[in-house]
> 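Would you mind keeping the following structure in view while I ask a few things?
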Amino acid sequence: IFDDKRFWRAFRLTTYFVLMTVPLQMLLGFLLALMLERLRGPFVGFLRNTIILPWLIPPVAAAVVFVLLTASRFGLINHILIQLGLSLTG
């Protein structure tokens with residue numbers, strides 16, 4: 001794999017992409033956070049919530065799906081374990 005020219009081209013492009021986008025995103029995020037910290041007005045709380053919700057929803061949704069998949073009475077994973085005789089519940 002280390003002798004393949006396509007690998008090294010992909011590696012260089014990926015490195016370039018990471019080195020260009022990560023610092024830019026961090027700078028923009030920091031500037032946005034500073035702007036929101038200094039902002040005053042009646043809709044500041046709503047604006048902050050609107051910005052944070054896209055970051056917050058995916059892990060919460062993943063946790064809910066995990067809980068449903070592993071539920072002892074109706075979860076798919078628990079059902080498969082019971083079928084295999086590996087259930088921890090009696």
> Roughly how far, to the nearest 0.5 Å, is OG of Ser72 from CG of Leu81?
12.0 Å
> About how many Å separate NE2 of His79 and OG1 of Thr70, when rounded to the nearest 0.5 Å?
15.0 Å
> Which heavy atom of Arg48 sits nearest to which heavy atom of Glu37, and what is that distance?
NH2-CA, 3.8 Å
> Measuring from Ile77:CD1 to Leu69:CG, what's the distance to the nearest 0.5 Å?
4.5 Å
> State whether the number of non-hydrogen atoms from other residues, nucleotides or ligands found under 6.0 Å of Met26 atom CE is greater than 12.
no
> Taking the six-membered ring for Trp, are Phe7 and Phe2 parallel (under 30°), tilted (30 to 60°) or perpendicular (over 60°)?
perpendicular
> When you group the ILVMFWY residues by side-chain heavy-atom contacts below 4.5 Å and let the links chain together, are Val44 and Leu36 in the same group?
yes
> Indicate the atoms forming the closest heavy-atom contact of Val18 with Pro23, along with that distance.
O-CD, 3.7 Å
> My understanding is that only one of Leu13, Thr21, Thr14, Leu19 makes a side chain to side chain contact (heavy atoms under 4.5 Å, CB included) with Phe17; could you say which?
Thr21
> Starting from Leu24, can I reach Leu31 by hopping between I/L/V/M/F/W/Y residues whose side chains sit under 4.5 Å apart?
no
> Verify the cluster assignment for Leu86 and Leu76: are they in a single hydrophobic cluster under the rule of side-chain heavy atoms below 4.5 Å apart?
yes
> Would Met35 and Leu32 satisfy side-chain contact (heavy atoms from CB on, under 4.5 Å), going step by step from the backbone distance to the final call?
CA-CA 5 Å; Met35 182 188 76; Leu32 181 64; 3.5 Å; yes
> Show the nearest heavy-atom pair for residues Leu68 and Phe74, with the distance to one decimal.
CD2-CE1, 3.9 Å
> Decide whether Ile52 and Leu47 are clustered together by the hydrophobic rule: side chain heavy atoms of Ile, Leu, Val, Met, Phe, Trp, Tyr closer than 4.5 Å, transitively.
no
